[in-house]
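The figures that follow rest on heavy atoms only: side chains count, while hydrogens, waters and symmetry mates do not.
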Amino acid sequence: MKLYEYEGKELFKKIGIPVPRGIMVTSAAAAGEAAAQLGTEVVIKSQILQGGRGKAGGIKFAATTGEAREAAAAILGSQLKAETVSKLLVEEKLAIARELYLAITIDAVKASPLIMASAAGGMDIEEVARETPERIVREAVPIFRGLLPFQARRVAYRLGLAGKEASAFTDILLKLYRVFRFYDAELVEINPLVVTDDGKMVAADAKVNIYDGALFRQIDFVKGPERYDNEREYRAARYGLGYVKLEGNIGVLCTGAGLTMTVLDLINYYGGKPANFLEFGGATYKNSYYAMQLVLEDPDVKVILINTFGLVARADVISQGLAQAIKELKPTQPIIASIRGTGEEEAREILRKEVGLEPYANVEEAVRAAVKLAGG
Amino acid sequence: MKLYEYEGKELFKKIGIPVPRGIMVTSAAAAGEAAAQLGTEVVIKSQILQGGRGKAGGIKFAATTGEAREAAAAILGSQLKAETVSKLLVEEKLAIARELYLAITIDAVKASPLIMASAAGGMDIEEVARETPERIVREAVPIFRGLLPFQARRVAYRLGLAGKEASAFTDILLKLYRVFRFYDAELVEINPLVVTDDGKMVAADAKVNIYDGALFRQIDFVKGPERYDNEREYRAARYGLGYVKLEGNIGVLCTGAGLTMTVLDLINYYGGKPANFLEFGGATYKNSYYAMQLVLEDPDVKVILINTFGLVARADVISQGLAQAIKELKPTQPIIASIRGTGEEEAREILRKEVGLEPYANVEEAVRAAVKLAGG
Amino acid sequence: MGILLSKETRVVVQGITGNEGTFWTERMLAAGTNIAGGVTPGKGGTQVHGVPVYNTVQEVVEKHGAEASVIFVPPPFAKDATFEALEAGLKLIVLLVDGLPVQDALEVRTYAREVGAYVIGPNNPGMATIGEAMLGFIPVWLSYVYQPGNIGVIARSGSLINEVCSHIVAAGMGISTCIGLGGDPVPGTTLTEVLALFQQDEHTQGVVIIGEVGGSMEEDAADFMKVGGFTKPAVAFIAGRSAPPGKKMGHAGAIMTLGRGSVQSKESALSAAGVKIAQRPSEVGRLLKDIV
Amino acid sequence: MGILLSKETRVVVQGITGNEGTFWTERMLAAGTNIAGGVTPGKGGTQVHGVPVYNTVQEVVEKHGAEASVIFVPPPFAKDATFEALEAGLKLIVLLVDGLPVQDALEVRTYAREVGAYVIGPNNPGMATIGEAMLGFIPVWLSYVYQPGNIGVIARSGSLINEVCSHIVAAGMGISTCIGLGGDPVPGTTLTEVLALFQQDEHTQGVVIIGEVGGSMEEDAADFMKVGGFTKPAVAFIAGRSAPPGKKMGHAGAIMTLGRGSVQSKESALSAAGVKIAQRPSEVGRLLKDIV
């Protein structure tokens with residue numbers, strides 16, 4: 001679950017990481033008031049979850065309250081990176097001397113939290129990483145022992161920092177690690193970490209991604225509909241289903257991420273186009289009813305293609321849900337299905353008897369049939 | 001630093017370890033009111049830092065508010081285990097079915113926190129440990145990984161607990177470990193951990209000892225004069241000196257715990273009696289002035305015996321403090337000194353020139369001379 | 001025959017009294033798995049399909065001996081259960097749980113390495129040595145999918161194991177051990193580690209790698225092959241060529257992967273290391289026949 | 001000659017720019033100690049008595065090589081400094097600090113064991129191999145106290161090292177290595193571990209153990225001798241026969257020690273293991289002469 005910048009900065013403030021003075025607003029009038037209250041030149045930042053908002057025009061500067069109101073009015077309600085902007089963070093404009101980069105994420109290979117930092121922060125950090133990887137300092141943190149001050153200092157020195165800057169950076173990094181651990185983050189990132197003209201170090205941005213699989217114990221965070229690209233994806237997630245809308249016309253229902261991706265690959269291979277990604281494997285197989293419902297909501301869908309080869313997802317249970325959905329929702333589109341795995345005999349029996357569906361012998365046959373029906 | 005029972009129970013309550021309903025009071029009238037407020041039979045417990053208060057009469061039961069007032073009046077102001085009782089904890093009387101024992105302390109050999117628990121809790125736990133050591137369950141906790149639920153459960157099962165009792169015990173133990181770690185304790189102990197007639201588990205007592213060397217970061221706790229046996233020991237501690245009043249008449253000033261103990265042993269060996277233990281080694285050698293002041297306050301002191309053989313405690317610096325103290329405080333008692341170690345030449349020079357003191361060649365000679373002068 | 005798991009391996013089932021634990025215990029027993037005991041705290045003294053249930057893993061080890069565990073407990077308790085098994089000395093843990101917090105996964109993998117054990121998973125379908133034993137959800141009783149043989153199978157995604165194995169069997173070959181590593185970001189055991197085990201197993205003549213977009217396990221495995229760590233014939237199928245792009249993790253994601261992680265990067269790394277690449281699952285059987 | 005520390009050992013001084021660090025660096029250099037570099041975060045690039053100062057231990061190791069460290073930093077930073085030294089690969093750390101939180105000491109000792117290093121201390125006077133090198137506060141320049149020789153000296157309390165060593169020298173003998181283990185509840189290195197090192201050191205012909213009331217290190221060492229772990233001649237002096245009784249730690253203290261910890265218990269355990277017991281420090285020399 002991605003946090004908005006203003007939410008991340010609240011966590012930072014609570015733990016003592018310096019952030020700019022700022023106020024979150026939802027209207028142009030409030031943006032003007034916030035600018036007046038801050039009493040300085042301000043920056044007005046659209047609160048969206050995707051990166052790249054700066055280049056897309058989602059950040060504006062304002063020297064007066066009037067300018068702040070205007071800038072806010074221009075951004076609010078606009079579409080940025082497929083998100084509708086409804087919240088703005090109005091912040092004091094920093095006098096930026098230099099921009100650093102600092103992140104903690106997870107190194108799957110070393111199985112440890114990984115600190116990445118660079119003296120060359122800002123919007124071009126990915127280019128820095130590609131062109132001059134030696135300018136990215138990396139430190140793996142032993143998970144049980146945790147981040148100790150000496151290791152945080154070492155990062156500071158490796159960035160070429162000294163004196164008060166090294167101390168301020170060390171302090172921020174130690175606190176950022178506590179945010180990372182305490183909130184079950186998969187990513188915390190400050191870009192840029194600004195050194196101001198008067199030598200202070202301030203987190204000018206805040207990215208905090210809570211690992212979705214830890215939300216059960218991170219009870220301060222609820223992943224509501226605003227965190228999804230659209231309402232259907234949100235609803236899918238509530239049923240435990242992974243759903244992504246795509247451009248084609250073959251409605252896909254599959255168990256397991258790997259098989260689902262393979263089915264999409266095969267559809268493309270045979271010249272068709274999938275209407276969606278939809279995975280209902282794992283412990284959520286009972287939700288095959290909801291899966292069918294979601295796919296049928298999409299008006300682009302011309303053919304429904306079901307592929308399962310379940311392990312924990314038992315074919316018989318899946319088929320019960322599907323049969324129920326077909327009986328109740330009465331889809332007009334043709335349905336192609338290949339249902340295999342644990343309980344496959346009973347599953348075929350259910351589909352045949354209850355809804356007259358004759359499953360295909362394997363995935364590729366099913367895909368070829370669906371592509372043909374969809375006009376591919 | 002030992003916490004009083006009521007302070008320990010406040011920590012327990014905060015973290016969710018069940019404790020009896022109770023009110024801390026400092027007067028008999030308040031004890032009566034507390035009993036009325038609790039509305040049950042109560043137990044009135046003197047708040048002192050030494051153990052064994054039950055057998056010494058420091059715990060009384062009361063069925064009415066009148067009885068509570070009387071009991072409180074009888075205990076308040078009395079001397080218990082060399083402490084004057086000024087605080088009482090008035091608690092609901094528990095209906096005790098069984099008493100368990102639970103403690104976490106430090107195993108110096110294994111270098112780990114050590115859980116000790118027994119189904120045979122209560123006042124005779126030490127006898128249980130001596131007679132039937134197998135009835136004490138011990139579990140060492142790996143310090144980096146910490147206490148995990150499975151290990152806490154294992155302690156519960158090894159105690160013979162089952163069902164809800166095992167769950168309640170596991171929960172209490174996990175929380176007690178957090179108290180232990182979070183507050184830098186060298187000991188947390190619940191004795192008895194009561195199982196009530198209605199099957200609940202309640203911490204009927206609470207012992208929490210914060211490690212003195214961690215008080216610099218445990219800023220919620222201040223070791224005030226009430227935690228010392230007397231005002232002089234408190235003052236000594238403020239100067240960083242270890243002082244204990246003894247029964248004899250030879251005032252002892254030494255550097256280092258080992259040498260100080262050895263000097264006491266030698267005084268006894270040669271038939272004398274030390275008036276005190278006083279150690280001013282380590283980083284506190286500059287306080288030799290205060291050390292002399294403390295010893296001179298004791299009217300029992302007939303001879304002053306100074307022994308140093310310093311390492312980090314430099315003999316010259318010590319001697320400057322001693323010379324200053326002698327010049328200002330003008331002791332009437334004879335002074336015997338053996339001053340050696342780093343800077344010993346300068347030290348002898350200082351004592352000779354400034355206060356006309358001729359140091360002895362070694363510890364044993366000095367001790368023998370002091371014992372002789374003290375009339376031993 | 002195969003790696004890590006045989007019919008001799010004595011297994012603990014953690015969470016045996018839950019719905020899933022009970023259902024799959026019956027299947028695992030039917031598959032030949034040598035289940036020494038089950039564990040559910042508080043349920044000690046009962047039985048599940050004739051398997052004695054204890055309160056702690058340590059009790060099973062003391063009473064019956066055990067080398068492996070398969071864990072059917074929900075996410076909040078999964079780390080604890082895994083540590084319990086590792087601390088009791090078990091050297092193979094199949095951690096099926098879907099939804100383990102990633103930082104718990106870091107601790108699990110780190111501790112497993114410290115004590116020299118293999119944790120397979122989390123979020124995986126389990127593993128099986130065909131004809132001997134099964135831990136987890138692998139439907140080894142589907143005879144058109146699973147036949148004993150000398151091909152090792154390693155999958156990141158569980159759902160493709162059945163699909164690919166059915167093509168191996170259709171091509172007239174069989175499987176020694178198949179392992180699902182799991183789809184989570186931090187697997188307890190990596191592709192490279194399993195390849196090292198298959199390299200040592202005399203019975204295994206070749207392997208099939210079922211990879212997918214994301215992460216760098218396939219590229220790391222290719223590096224391992226290039227230095228001679230794995231030298232047997234291998235076929236790979238990598239899923240996800242047309243997967244919707246993942247939601248980007250700040251700049252950090254891009255900095256960390258630096259060109260690894262795509263299907264193309266994986267296929268070319270493996271290909272350069274001598275692995276035959278299947279474009280579709282159905283090609284696996286033919287490619288395998290050519291080289292084993 | 002001696003154990004752990006020789007004139008070849010390259011040493012890092014952590015906290016070198018503080019008052020204590022600077023004062024004792026001069027003494028250590030005068031004692032022959034091979035100081036490779038000093039460390040004080042933020043003071044890199046300066047010098048102390050000609051010793052170059054760096055920001056991190058790692059830099060000293062990279063630029064000069066180092067095997068040991070002596071730490072002069074205050075309690076709040078002592079654990080961090082020790083972990084820095086251990087993580088940089090140093091195998092001998094003398095941790096002088098008085099006032100290390102006991103739970104930090106648990107972590108320090110545990111990590112030191114994990115990486116196979118010796119942490120001497122905390123709250124100790126340091127150590128010296130006489131005539132070669134000194135780490136800490138040992139006044140090796142007092143010639144009536146310290147002369148090179150073949151007696152190993154191990155003390156829990158620093159203040160008795162000088163006293164006892166002066167009696168060894170007065171008896172015409174000399175010292176190989178003397179080590180102060182420190183007076184804190186959880187020492188980084190135990191008496192038993194040092195005895196094992198002295199057992200291996202051909203140069204050391206006998207040892208003097210300076211113990212004190214409390215804890216069970218002396219009894220543990222006696223157990224170690226009984227199983228043949230240490231077989232050289234030994235004399236012990238145990239202080240604290242008439243010490244005021246310690247403030248009792250609840251019932252836990254009594255349960256944990258169970259009859260160990262008194263001077264009598266230590267003397268009889270060591271005596272039963274063949275160690276000669278001195279009643280006063282001045283007896284150590286004579287007893288030693290009888291057996292070495």
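In this structure, A:R145 forms a cation-pi arrangement with D:Y111, its terminal cationic atom sitting closer than 6.0 Å to the ring centre and no more than 45° off the ring axis.
Shown here is D:K91, whose NZ atom has more than 12 heavy atoms of other residues, nucleotides or ligands within 6.0 Å. The number of heavy atoms from other shown groups lying within 6.0 Å of CZ (A:F182) does not exceed 12. The neighbour count for D:N19 CG, taken as heavy atoms of other residues, nucleotides or ligands under 6.0 Å away, does not exceed 12. By the neighbour-count criterion of 12 heavy atoms within 6.0 Å, atom CZ of D:R27 is densely surrounded, having more than that number from other residues, nucleotides or ligands. Atom CZ of D:F23 has more than 12 neighbouring heavy atoms from other residues, nucleotides or ligands inside a 6.0 Å radius.
For chain A, the nearby part of D:E87 is the side chain; its heavy atoms alone come within less than 4.5 Å. Contact annotation for D:K43: neither backbone nor side-chain heavy atoms come within less than 4.5 Å of a heavy atom of chain A.
Of the possible polar contacts, one joining the D:D80 side chain to the A:F150 backbone as a donor-acceptor pair under 3.5 Å is found.
For the side-chain contact (heavy atoms from CB on, under 4.5 Å) criterion with D:Q58, the lone passing option out of A:R154, A:Q151, A:R158 is A:R154.
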